[in-house]
Amino acid sequence: MNKQGELFGISALVVPVQSTDRVARSGTFVDNLKLPIHRWFKYSAGFSAEWAEKVIRTQQPKTVLDPFAGSGTTLLAAEAAGALSFGYESHPFMARVASAKLLWHIDTKELIKASKEFLGAVKKKTTYDLDNTPPLLLKCYTVEALQQLFLFRETYLKLKDTLKPEVAQLIWLAITAILRPCSFAGTAQWQYILPNKRKANTRMPVPAFEAKILDFVSDMLAFQKLDCRHDAKILLQDARTIPDSIPKGSIELVLTSPPYPNNYDYADATRLEMTFWGEIQSWGDLQGTVRQYIIRSSSQHATAEKLKLEDLLKNSAISSIHEELSLVCNELALVRQTKGGKKAYHTMIAAYFNDLAATFQALRSVCKRGANLCFVIGDSAPYGVYVPVEEWLGKLAISSGFTSYTFEKLRDRNIKWKNRKHRVPLHEGRLWIRG
Ligand SMILES: C[S@@+](CC[C@H](N)C(=O)[O-])C[C@H]1O[C@@H](n2cnc3c(N)ncnc32)[C@H](O)[C@@H]1O
């Protein structure tokens, strides 16, 4: 079958949907890369969709919320398990990715037809002027691949208003999802792009796009055969604030993985994609376009906001952990003076717990009395100073009005010492909060 023909023969290519009664591991996002729909965009999800679906099926809540929805794992799991679900995501680019994935229920014939027309229009031109191209893109692609990708972008922007909005969103996601496979640049863990590293296999945009649409269609057909709901809603909402669109006291289950206070920069994680779409010109634009809206979990964020430790420690919302938090932050302020990079971990950690305190207060307002909350979380040790994350989050939850918490450890981290900056043993697990 030729490549164009494959787009017509899609119905024969339905991938099996993983059985939900398979022993669901808590897992990681790596597991999700084998699952229909979940595999459409590679992201650091924090847990496996199968586990999320199993929890929802077991607890049978009427309403589920993921206040840090990312690429939408919890929402897709809730749709499969039959619960009404909401997700907040304040990273605008990721909110768009998750919203597009939730369109799995639309008519696949329309997507196939539009994709073919789109590719036909792309192929009418062969060159694209690369003047004024952001340096990151020049470092990540061959000239041929970059010209083709820019023709994709130009054609998409020209055609999108003539397409049904849902179809346009899926074509946008397909283009977005092929950007990494078409780049020869390596990546660090998850999506940080490393222009100076090379990876072995690179794809060209046209076949990569065709294959991606093929994946979309086969996954959509597979999901559409199941009795799933399709009413999950992604809100471009900051988890630290209370939304207008969710009735107070209505959420029965919260299933989430917040950013960890480990210096991972969610803004930088989509730098390549946002640069390609012209949403940023360089790394410096990430603060204004993304970072300012998200939890302060990276030192770049703390530095950009010029945070003052004494101001952060004054907040009454963190009074239940004030003493321990002050000790750790003051120690970090001292250790910092001995380090070349002088990273602002002292204010990052203080800001992080301020932000999570605000999150628990906002959750208290939307959660029903007696609700269950599960935070998949890991502890942290910036500059080797230990931060007992789950314990402090548990205390913040209690001081926000929840009644109890327990921690279920899942795995150890940082125990293989190799290439590590410190030797503090860390772990990851589920913080269960009730009340
Ligand atoms: C560990 S990821 C969650 C991934 C998710 N479980 C998934 O399925 O992809 C944490 C997410 O929280 C988002 N985030 C950070 N601060 C936020 C805030 N204040 N409100 C809402 N979302 C936020 C980040 O952009 C990131 O996508």
Side-chain angles (χ1 to χ4, degrees), residues 26-33 35 37-53 55-56 64-80 85-102 173 177 189-191 232-243 246 254-271 273-274 286-287 289-298 301 305 348 351-363 366 374-378 380 389 428 430-431:
S26 58
T28 64
F29 194 68
V30 176
D31 300 330
N32 296 353
L33 295 177
L35 298 176
I37 323 286
H38 295 281
R39 65 179 175 148
W40 289 1
F41 188 82
K42 202 172 164 191
Y43 196 57
S44 168
F47 49 78
S48 89
E50 287 180 318
W51 169 77
E53 188 178 328
V55 173
I56 299 167
V64 177
L65 169 67
D66 185 343
F68 300 100
S71 59
T73 307
T74 301
L75 276 70
L76 285 163
E79 287 192 327
S85 61
F86 301 92
Y88 309 152
E89 178 52 61
S90 61
H91 182 325
F93 195 87
M94 284 313 300
R96 227 174 139 187
V97 168
S99 306
K101 283 169 70 184
L102 292 171
L173 182 61
Q189 211 196 2
W190 292 107
Q191 299 292 76
K233 282 188 187 52
I234 284 283
L235 310 173
L236 185 61
Q237 168 78 31
D238 188 331
R240 295 167 290 188
T241 57
I242 300 168
I246 300 184
V254 170
L255 214 52
T256 196
S257 179
Y260 299 3
N262 63 358
N263 209 27
Y264 183 82
D265 183 4
Y266 282 95
D268 205 356
T270 54
R271 177 154 58 121
E273 290 79 4
M274 292 179 71
L286 288 171
Q287 179 66 26
T289 49
V290 181
R291 240 183 256 121
Q292 64 163 321
Y293 304 115
I294 64 179
I295 298 289
R296 292 168 291 182
S297 62
S298 70
H301 198 161
E305 290 193 356
M348 175 195 99
Y352 178 84
F353 287 99
N354 271 266
D355 288 352
L356 268 291
T359 301
F360 282 120
Q361 290 181 349
L363 285 176
V366 293
C374 183
F375 275 54
V376 177
I377 189 72
S380 174
V389 179
E428 215 166 357
R430 302 179 193 130
L431 175 66

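Order of appearance sets the numbers: ligands from 1, and atoms from 1 within every ligand. By convention here, the first residue in the shown sequence is residue 1.
At a heavy-atom cutoff of 4.0 Å, ligand 1 is contacted by the side chain of Phe47 but not by its backbone. In Ser297, neither the side chain nor the backbone holds a heavy atom less than 4.0 Å from any atom of ligand 1.
For ligand 1, one of its N or O atoms has an N or O atom of Ala239 under 3.5 Å away. Checked by distance only, ligand 1 and Ser44 stay at 3.5 Å or farther apart across all their nitrogen or oxygen atoms. The shortest N or O to N or O distance between Glu89 and ligand 1 is below 3.5 Å. The shortest N or O to N or O distance between Tyr266 and ligand 1 is not under 3.5 Å. Taking distance alone, with nitrogen or oxygen atoms compared against 3.5 Å, Thr73 approaches ligand 1 more closely than that limit. Residue contacts with ligand 1: Asp238 is placed with a nitrogen or oxygen under 3.5 Å of a nitrogen or oxygen of the ligand (distance criterion only).
In summary, the atoms of ligand 1 found under 4.0 Å from a heavy atom of Pro67, numbered by their order in the structure, are 21 (C), 22 (N). Every atom of ligand 1 is numbered from 1 in the order shown, and the set under 4.0 Å from a heavy atom of Ser257 is 1 (C), 2 (S), 3 (C), 10 (C). In the vicinity of Tyr293, heavy-atom distances shorter than 4.0 Å reach the ligand 1 atoms 19 (N). Atoms of ligand 1 lying under 4.0 Å from at least one heavy atom of Gln237, given by number and element, are 20 (N), 21 (C). Which parts of ligand 1 touch Tyr43 is read off a 4.0 Å heavy-atom cut-off, strictly below it: atoms 9 (O), 25 (O), 26 (C), 27 (O). Interface atoms of ligand 1 facing Ser71, defined by a heavy-atom separation under 4.0 Å, are 7 (C), 8 (O), 9 (O).
Separation of atoms CD (Glu89) and CZ (Arg96) is listed at 14.0 Å; rounding is to 0.5 Å. Taken from CD1 in Ile377 to OH in Tyr260, the straight-line distance is 6.0 Å, to the nearest 0.5 Å. Rounding to the nearest 0.5 Å gives a distance of 12.0 Å between CZ of Arg39 and CG of Asn32. One finds the CG atom of Asp355 at 11.5 Å from the CE atom of Met348 (value rounded to the nearest 0.5 Å). Within the model, atoms OG of Ser257 and CZ of Arg430 stand 11.5 Å from one another, a figure rounded to the nearest 0.5 Å.
Of the candidates Ala52, Ala358, Ala69, Ala69 brings a heavy atom nearest to atom 7 (C) of ligand 1. Nearest to atom 16 (N) of ligand 1 by heavy atom, out of Leu356, Ile295, Ile377, is Ile295.
Every heavy atom of Ala49 sits 4.0 Å or more from the atoms of ligand 1. Contact annotation: Tyr260 has no heavy atom less than 4.0 Å from any atom of ligand 1.
Nearest heavy-atom pair, His301 versus Ile294, reported as atom, atom and distance to 0.1 Å: CE1-O, 3.2 Å.
Between Tyr266 and Phe68, the gap from one ring centroid to the other reaches at least 6.0 Å.
When each of Ser298, Ser380, Ser297 is checked for a side-chain contact (heavy atoms from CB on, under 4.5 Å) with Asn263, only Ser298 meets the rule.
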Test log, rule side-chain contact (heavy atoms from CB on, under 4.5 Å), inputs Leu255 and Asp66 | CA-CA 5 Å; Leu255 214 52; Asp66 185 343; 5.7 Å; no

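Side-chain atoms of Arg271 and Asp265, non-hydrogen and from C-beta on, never get closer than 4.5 Å to each other. Side-chain atoms of Tyr88 and Val366, non-hydrogen and from C-beta on, do get closer than 4.5 Å to each other.
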